[in-house]
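The structure appears below as structure tokens.
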Amino acid sequence: MEEKDPSIRKTLIVQCFKDLHLIEDMELVLTLRCLWNIALAQPDDPEFPSLGVFNCMARLLNRCIRDQKWLSRGHNVYVPYYAAHIIGSYTMNKARFSVLAVKSGVISPLIDLLRGKITWVEQRVAVRALGHIARHRRTFEDIKVHEVEIIKLAMDIASKCIFTIYSEFVGKKSENRVEYHRYLMTKGLREFEMENKKAESWACQMQCWSLYLLNCFITKKRSINLICKEDFLKNLCDKWGGLQNQNSFSGIGLIKSLCESEDGRENIAQLLQVVENICNLSRSSDKWQFMAIESLLLLLKDPKTKNRVTNIAAPFLADLVELRTIKGRRKIGDMITQLLLQDYAKIKYGQVGFSETGSQKAIEDIWDLKVEKRKRDKIMSEQEVKETELLVSVLKREGNKKFWSSEIEAAVNKYTKALDLCPLNLRKERIVLYSNRAQCHLILGEAELAISDTTRALCLSGEMRPHIKSLWRRSQAYHMKGLARLSLMDCFMFINEHSKLNGNKSSTRKIPYYAMRMLNKQMTATWIFADAAKSMEDDVDDNGTHKSRIQHRFAGGKMKGKIEEALLKSMPTPMKDKEHRHLKKGWLWRTNRRSKGVIEPSQEGKIINRVSDIPPVRSPFLSILTTDTLAFSR
């Protein structure tokens with residue numbers, strides 16, 4: 001590498017690649033680690049691919065798979081991981097490198113690793129490398145030869161890798177873990193907490209890369225019916241990569257690709273649970289919300305799947321008809337409206353019916369909002385507009401009084417009347433009315449109605465400046481329904497928006513107590529290994545304790561600390577040292593109009609109430625609501 005003469009350097013490198021499979025142990029591993037670092041840093045550099053690096057890696061992989069004695073000797077066990085990783089890095093961007101890799105015979109040993117011939121660690125880098133090779137049109141034909149087996153293996157990995165990594169690594173004590181796995185994860189530090197964090201990241205990556213490999217076949221309209229297995233599709237929306245890997249390929253990305261093909265749409269439309277999961281994701285603060293909406297639009301545009309999907313999705317999409325922009329795409333709400341109202345005349349006169357309750361009413365409400373109310377507003381005189389605005393203001397104040405008097409149902413009726421009368425161009429007034437009515441639904445335990453109203457308020461406010469109280473209320477509503485991921489994303493967005501209030505004043509540096517409590521709860525609930533830990537809770541230790549439960553609490557706590565640190569970094573101005581110490585110790589800031597700057601301990605199940613002017617509201621759901629959530633928009 002240090003040779004300055006290009007011709008001599010080239011000769012030396014070629015000879016090195018030819019002889020590399022003949023050496024072993026530490027010398028071989030150090031050489032591969034050096035190549036691994038270069039491949040990660042310079043994946044588009046043509047020097048090594050053109051001089052035979054793929055032939056060298058293929059020979060090493062074949063030797064590892066065929067000669068188990070050689071593999072288990074010394075440090076040779078590290079070889080397949082580094083070799084497969086080098087192949088994946090160089091084939092990531094350049095199609096011509098991928099062609100060289102295929103000609104060098106790397107596909108066969110990579111498929112052997114994908115079968116699990118060694119361990120899940122090598123399986124992870126094999127699925128990455130095969131995904132990169134399959135994405136290039138020039139090399140997909142070589143992958144297609146093994147199509148059925150690769151698809152079945154990738155589906156199996158996507159479904160089971162989380163449980164595999166938990167049972168073979170995370171769920172074990174440090175002394176029982178495979179030594180070289182620990183070294184690869186922590187680069188020799190062998191620190192228990194670091195290993196667990198890395199295992200979470202690798203598990204997410206392994207799942208996302210297997211989904212990406214499947215997507216390479218779907219985009220080329222290959223084996224769609226093989227991929228569209230009911231059990232596999234039902235869990236796709238839950239495969240999202242976690243907070244750390246939100247830029248990776250997700251389950252909803254695979255669903256969207258399936259919706260772009262006729263066979264895929266037919267299979268998805270037949271599964272009620274899958275369509276409902278897509279609908280829930282479409283009404284969230286999740287990064288993948290737009291993909292969920294696009295998937296529903298593709299299903300609605302297909303005449304074969306339209307009626308079946310509308311039957312399920314109409315009540316969900318009715319909340320999005322006033323959505324203006326999302327991810328740079330404009331007039332999304334108008335597109336939804338147009339698709340849902342295409343057959344309104346047939347629906348109105350009973351020619352098209354719906355089995356699901358609420359679907360027909362949702363479409364009628366869309367017609368009333370987007371057609372009838374627009375006509376009404378156009379013909380109103382200026383005097384009538386002023387009178388209507390005054391009446392709406394009066395009804396809102398009456399609704400607030402009813403709420404503070406614990407007459408929650410009466411308050412809902414007042415807000416509903418105000419919304420019916422309110423002109424469509426009074427966006428701010430309608431946002432407040434929707435959000436206040438959502439708070440009433442929360443207290444009454446009507447989570448679905450609360451989600452509907454808060455979503456409408458957020459569509460009106462826009463993605464650039466979302467209505468902060470509606471974010472918090474929707475987070476609570478999703479929590480009531482047990483949808484932890486959606487509740488987490490709304491809570492996360494609420495905290496980010498809260499930090500932007502009032503410029504750089506000191507109050508913006510304080511994370512609300514009730515929000516941090518919700519965040520901690522949902523972080524534990526959405527822990528990637530939660531289901532795996534639950535399935536292994538009968539794994540009893542020598543002293544009679546459940547090891548999986550201990551591990552679950554440990555990892556959940558580490559995730560909380562990680563998110564708290566991320567939130568501290570996301571604040572507009574850094575916290576003072578004292579505030580930082582309190583947060584590190586578990587003391588969380590709580591802000592209130594009457595108790596600003598008061599520090600409260602984060603005790604599970606304890607509701608802190610110091611606002612004397614809030615009347616007691618009798619509701620079995622009040623235990624999840626804090627005093628801050630009851631502060632209405634004025």
Side-chain angles (χ1 to χ4, degrees), residues 237-238 252 272-273 275-290 292-293 296 312-323 326 332-333 336 340 356-359 361-363 365-366 369 408-409 411-412 415-416 419 430-463 466-494 497 514-515 518-519 521-522 525-526 619-622 624-625 629-630 632-633:
C237 282
D238 295 329
I252 188 63
L272 171 65
Q273 184 179 336
V275 177
E276 285 184 348
N277 287 341
I278 300 171
C279 290
N280 283 325
L281 193 57
S282 70
R283 300 187 303 177
S284 71
S285 299
D286 197 283
K287 178 181 180 291
W288 304 108
Q289 179 195 10
F290 181 58
I293 294 173
L296 291 173
I312 303 166
F316 297 87
L317 292 175
D319 300 331
L320 300 171
V321 293
E322 293 189 278
L323 182 62
I326 178 172
I332 297 297
I336 295 170
L340 290 177
E356 293 291 326
T357 58
S359 296
K361 184 180 182 303
I363 292 177
D365 289 345
I366 295 171
L369 177 69
I408 307 302
E409 292 180 354
V412 170
Y415 295 134
T416 303
L419 281 166
R430 292 174 64 212
I431 289 169
V432 172
L433 289 168
Y434 275 127
S435 189
N436 284 2
R437 192 171 69 172
Q439 181 63 61
C440 296
H441 288 314
L442 275 176
I443 295 173
L444 295 171
E446 299 166 341
E448 185 58 39
L449 292 176
I451 293 169
S452 176
D453 279 347
T454 49
T455 301
R456 293 181 183 218
L458 289 165
C459 287
L460 287 168
S461 61
E463 64 175 343
H467 189 241
I468 187 168
K469 291 181 181 178
S470 295
L471 283 170
W472 171 243
R473 288 163 184 166
R474 192 169 68 177
S475 176
Q476 290 177 290
Y478 276 130
H479 173 61
M480 290 170 66
K481 290 192 70 176
L483 299 173
R485 169 188 168 185
L486 303 183
S487 176
L488 171 66
M489 299 312 294
D490 277 338
C491 186
F492 206 36
M493 182 69 73
F494 167 77
E497 292 301 320
Y514 55 86
M518 176 73 82
L519 189 73
K521 185 182 295 185
Q522 303 305 355
T526 56
S619 170
F621 298 94
L622 190 59
I624 69 163
L625 305 175
T629 68
L630 301 179
F632 261 32
S633 304

- Quick one: list whatever passes side-chain hydrogen bond (donor to acceptor under 3.5 Å, both in side chains) with Ser487, sequence neighbours left out. Ser475, Gln522
- Query: Is the closest side-chain heavy-atom distance between Tyr415 and Gln439 below 4.5 Å?
  - Reply: no
- Item | pair Gln273-Ile312: side-chain heavy atoms closer than 4.5 Å | no
- All heavy atoms of Tyr478 vs all of Asn280, minimum pair found to be OH-O, 3.5 Å
- Can you tell me how far CG of Leu486 sits from OG of Ser284, rounded to the nearest 0.5 angstrom? 5.0 Å
- Message: I'd like to check the side chain to side chain contact (heavy atoms under 4.5 Å, CB included) partners of Cys237; sequence neighbours left out, ordered by chain and number.
- Response: Ile252, Ile255, Asn277, Ile278
- Message: Taking side-chain hydrogen bond (donor to acceptor under 3.5 Å, both in side chains) as the criterion, tell me which of His479, Arg485, Arg474, Gln476 meets it with Asp490.
- Response: Arg474
- Please list, chain by chain and in numerical order, all residues satisfying side-chain hydrogen bond (donor to acceptor under 3.5 Å, both in side chains) with Gln289, sequence neighbours excluded. none
- Would you please name every residue forming a side-chain hydrogen bond (donor to acceptor under 3.5 Å, both in side chains) with Ser470, sequence neighbours left out? Ser435, His467
- Message: Under the rule for side chain to side chain contact (heavy atoms under 4.5 Å, CB included), what residues qualify as partners of Lys481, not counting sequence neighbours?
- Response: Ala447, Glu448, Ile451, Leu483
- Non-neighbouring partners of Ala318 that pass side chain to side chain contact (heavy atoms under 4.5 Å, CB included), sequence neighbours left out: Ala362, Ile366, Arg456
- Item | Check: Glu409 and Val412 side chains under 4.5 Å, non-hydrogen atoms | no
- How long is the gap from CG on Leu471 to OG1 on Thr455, to the nearest 0.5 Å? 10.0 Å
- Considering residues at least two apart in sequence or located in another chain, which fulfil the side-chain hydrogen bond (donor to acceptor under 3.5 Å, both in side chains) criterion with Ser461? none
- Query: So, do Leu296 and Cys279 sit near enough that their side-chain heavy atoms are less than 4.5 Å apart?
  - Reply: yes
- Note on the structure: Taken to the nearest 0.5 Å, the spacing of Leu369 CG from Leu419 CG works out to 10.0 Å
- Item | Separation of Ile336 CD1 from Ile293 CD1 (nearest 0.5 Å) | 5.5 Å
- Message: Within this structure, what is the CG-CG distance for the pair Leu488 and Asp286, rounded to the nearest 0.5 Å?
- Response: 9.0 Å
- Query: Side chains of Met493 and Met489: closer than 4.5 Å at any heavy-atom pair?
  - Reply: no
- Message: I need the Phe290 CZ to Leu323 CG distance, nearest 0.5 Å.
- Response: 9.5 Å
- Query: Sequence neighbours excluded, which residues qualify as side chain to side chain contact (heavy atoms under 4.5 Å, CB included) partners of Glu463?
  - Reply: Thr325, Ile326
